[in-house]
Undergrad: 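Take a look at this one; I'll ask things after.
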2 protein chains.
Amino acid sequence: MTTQSIAGPFQPGHNHKACVRDAMNIAEQLCQSKDLRLTKIRKRVLELVWAGHEPATAYQLLKKLRAEKENAEPPTVYRALDFLVEHNLVHRIESLNAFIGCDHPESEHVSQFLICSHCNQVAELDDSVTINHAVSEEAKRLGFKVSNQTVEIMGLCAACQ
Amino acid sequence: MTTQSIAGPFQPGHNHKACVRDAMNIAEQLCQSKDLRLTKIRKRVLELVWAGHEPATAYQLLKKLRAEKENAEPPTVYRALDFLVEHNLVHRIESLNAFIGCDHPESEHVSQFLICSHCNQVAELDDSVTINHAVSEEAKRLGFKVSNQTVEIMGLCAACQ
DNA sequence: AAAAATTTTGTTATATTATAACATAATAAT
DNA sequence: ATTATTATGTTATAATATAACAAAATTTTT
């Protein structure tokens, strides 16, 4: 397993094949260790999500899935996504109604996303310090108990500026 | 114009009538000063959004609007919302596909939202420091140029814990 | 004030995103 | 093997959002 993909897609040397392979390996391991059923459908949907770093909508995934499984219907994809999201294998991008793969589902984490509005790629930040801390502080100050965050940052990645 | 509503809905003494009246006054002023047309429909939709601090969906607003304007259709509401969002009179909550009023549309600002999952009320944070700064720093570190942020924090407000 | 240009609203249709509900099949537990 | 549980198949529909073109209202220009 390589570690080339760790920092996400906004990298000159991004090796996507290795990136996907790693992600799938990690998913298999995680499901095995947690006794989760990564069924054929779920696995295939995960692979389709990982086709790129541009978030995929449910219906884009459905279209691809149908190419190889003619009886696929919306629930087929949504159920798979429900499973994948629940177990952090995939994250939902709220502002896009779309989904991207997570390359570190095994570690509990709070996600932030950088969304490039030019190339449409999304990178997940693994910032358990700066942003996360700021959010907690602000919330605490107001007596608000945080359970969950959506942090989605739109703009231009380095390559697209 | 009172200032009682400044800190949002998670306050014991929240005076909602004053809160709405202030918001509508500010909206009128803003549109006047910027030469924007706060038409009858737009104004009414804004009032309906301000009916509460629970974000309203477009179709909830449509339903209410129809009670008094039978020929209202989805575009009627969506267009009004487009206008209101464009001019910061209303913010869209991405994770809820819903809309809430903004009480300080005149000041350019980046918004963060606290969403109480029990009472469903939403408060807008006016944090141009902590969270905002953290986001900028993280982005800068990665050479990412921020144009826009979605920060939506789910949890329990003080009253609901 | 009339004409032209622009903006807003009316209206119909449809696209996109997502879930409900119930049947069948596959897998796991007893 | 039987039972229970989980996953998938299938049909229908709910919920969210926009396209496209016509008519009306408003603003600008003449």
Side-chain angles (χ1 to χ4, degrees), chain A residues 27-28 31-49 54-87 89-100 120 150 152, chain B residues 27-28 31-49 54-87 89-100 120 150 152:
Chain A
E28 299 265 25
C31 290
Q32 192 139 49
S33 76
K34 287 199 178 175
D35 212 23
L36 301 173
R37 295 202 229 158
L38 189 60
T39 62
K40 207 171 164 184
I41 293 176
R42 290 167 176 174
K43 187 176 171 187
R44 189 62 188 127
V45 170
L46 182 59
E47 281 168 352
L48 292 173
V49 168
E54 303 182 32
T57 68
Y59 279 78
Q60 286 168 344
L61 295 168
L62 177 57
K63 192 175 170 188
K64 288 185 179 184
L65 192 59
R66 268 184 164 152
E68 49 199 57
K69 181 175 163 51
E70 56 197 18
N71 69 336
E73 296 290 342
T76 314
V77 166
Y78 279 102
R79 283 165 180 161
L81 287 170
D82 285 348
F83 171 87
L84 296 169
V85 167
E86 182 181 356
H87 299 294
L89 294 161
V90 158
H91 294 302
R92 180 183 163 86
I93 308 294
E94 297 292 346
S95 59
L96 301 176
N97 297 332
F99 302 84
I100 56 162
N120 298 315
T150 296
E152 296 171 5
Chain B
E28 299 265 26
C31 290
Q32 192 138 48
S33 76
K34 286 198 180 177
D35 211 25
L36 301 174
R37 295 202 230 158
L38 190 59
T39 61
K40 208 171 164 184
I41 293 176
R42 290 167 176 175
K43 187 176 172 186
R44 189 63 188 126
V45 170
L46 181 58
E47 282 168 352
L48 292 174
V49 168
E54 303 183 33
T57 68
Y59 279 78
Q60 286 169 345
L61 295 168
L62 177 56
K63 193 176 170 187
K64 289 186 178 183
L65 192 59
R66 268 185 165 151
E68 50 199 55
K69 181 174 162 55
E70 54 197 18
N71 70 337
E73 296 290 342
T76 314
V77 166
Y78 278 103
R79 284 167 180 158
L81 288 170
D82 284 348
F83 171 88
L84 297 169
V85 167
E86 182 180 357
H87 299 294
L89 295 160
V90 159
H91 294 302
R92 179 182 164 85
I93 308 294
E94 297 292 345
S95 59
L96 301 176
N97 297 331
F99 302 84
I100 57 163
N120 298 316
T150 296
E152 297 172 4

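Convention: sequence-line order gives letters A, B, ...; per-chain numbering from 1. Just so it is clear, the values below take in all heavy atoms, side chains as well, and ignore hydrogens, waters and symmetry mates. These numbers come from a predicted model, not from an experiment.
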Undergrad: How close or far is atom P of D:dA19 from atom CG of B:Asp82, stated in whole angstroms?
TA: 10 Å
Undergrad: Give a yes or no on whether A:Gln32 atom CD has more than 12 heavy-atom contacts from other residues, nucleotides or ligands under 6.0 Å away.
TA: no
Undergrad: Quick one: which of C:dA20, D:dA20, C:dT12 gets closest to the side chain of B:Arg79?
TA: D:dA20
Undergrad: For C:dT17, take OP1 and OP2 only and decide whether either is under 4.0 Å from a side-chain N or O of A:Asn97.
TA: no
Undergrad: Is the base of C:dT17 stacked against the aromatic ring of A:Tyr59, taking ring centres under 5.5 Å apart and planes under 30° as the test?
TA: yes
Undergrad: Which part of the nucleic acid does B:Arg92 contact within heavy-atom distance under 4.0 Å: base, sugar-phosphate only, or nothing?
TA: sugar-phosphate
Undergrad: Let's go through B:His91 and B:Val85 carefully: what are the C-alpha distance in whole Å and the side-chain angles of both, what is the deciding distance for side-chain contact (heavy atoms from CB on, under 4.5 Å) to 0.1 Å, and is it a yes or a no?
TA: CA-CA 6 Å; B:His91 294 302; B:Val85 167; over 6 Å; no
Undergrad: According to a strict under-4.0 Å criterion, is B:Thr39 in side-chain N/O contact with OP1 or OP2 of C:dT9?
TA: yes
Undergrad: In whole Å, what is the span from the CG atom of A:Leu65 to the P atom of D:dT8?
TA: 11 Å
Undergrad: Could you state the atom-to-atom distance from CG of A:Leu96 to P of C:dT16 in whole Å?
TA: 16 Å
Undergrad: Would you mind classifying the nucleic acid contact of A:Lys69 as base, sugar-phosphate or nothing, using non-hydrogen atoms under 4.0 angstrom?
TA: sugar-phosphate
Undergrad: From D:dA7, C:dT19, C:dT11, pick the nucleotide closest to the side chain of B:Thr76?
TA: C:dT11
Undergrad: Give one of base, sugar-phosphate or nothing for A:Arg42, where a contact means two heavy atoms less than 4.0 Å apart.
TA: sugar-phosphate
Undergrad: Run the numbers on B:Thr57 and B:Phe99 for side-chain contact (heavy atoms from CB on, under 4.5 Å), then give the verdict.
TA: CA-CA 6 Å; B:Thr57 68; B:Phe99 302 84; 6.0 Å; no
Undergrad: Side chains of A:Val49 and A:Leu81: closer than 4.5 Å at any heavy-atom pair?
TA: yes
Undergrad: If you pin B:Pro74 and B:Ile41 to their nearest nucleotides in DNA chain C, which one's is more 5'?
TA: B:Ile41
Undergrad: To the nearest Å, how far apart are A:Lys40 NZ and D:dT8 C1'?
TA: 13 Å
Undergrad: Taking CG from B:Asn71 and C1' from C:dT12, how many angstroms apart are they, rounded to a whole number?
TA: 13 Å
Undergrad: To the nearest angstrom, how far is B:Tyr78 atom OH from D:dA17 atom P?
TA: 4 Å
Undergrad: Taking for each residue the nucleotide of DNA chain D bearing the nearest heavy atom, is the 5' side occupied by B:Pro75 or by A:Phe83?
TA: A:Phe83
Undergrad: Over all strands shown, is B:Arg37 touching base, sugar-phosphate only, or nothing at heavy-atom distances under 4.0 angstrom?
TA: sugar-phosphate
Undergrad: Count the heavy atoms belonging to other residues, nucleotides or ligands that lie under 6.0 Å from CD of A:Glu68, then report whether that count exceeds 12.
TA: yes
Undergrad: Please report the distance, rounded to the nearest Å, between CG in B:Asp35 and C1' in C:dT6.
TA: 14 Å
Undergrad: What is the distance, rounded to the nearest whole Å, between atom CD of B:Glu73 and atom C1' of D:dA17?
TA: 14 Å
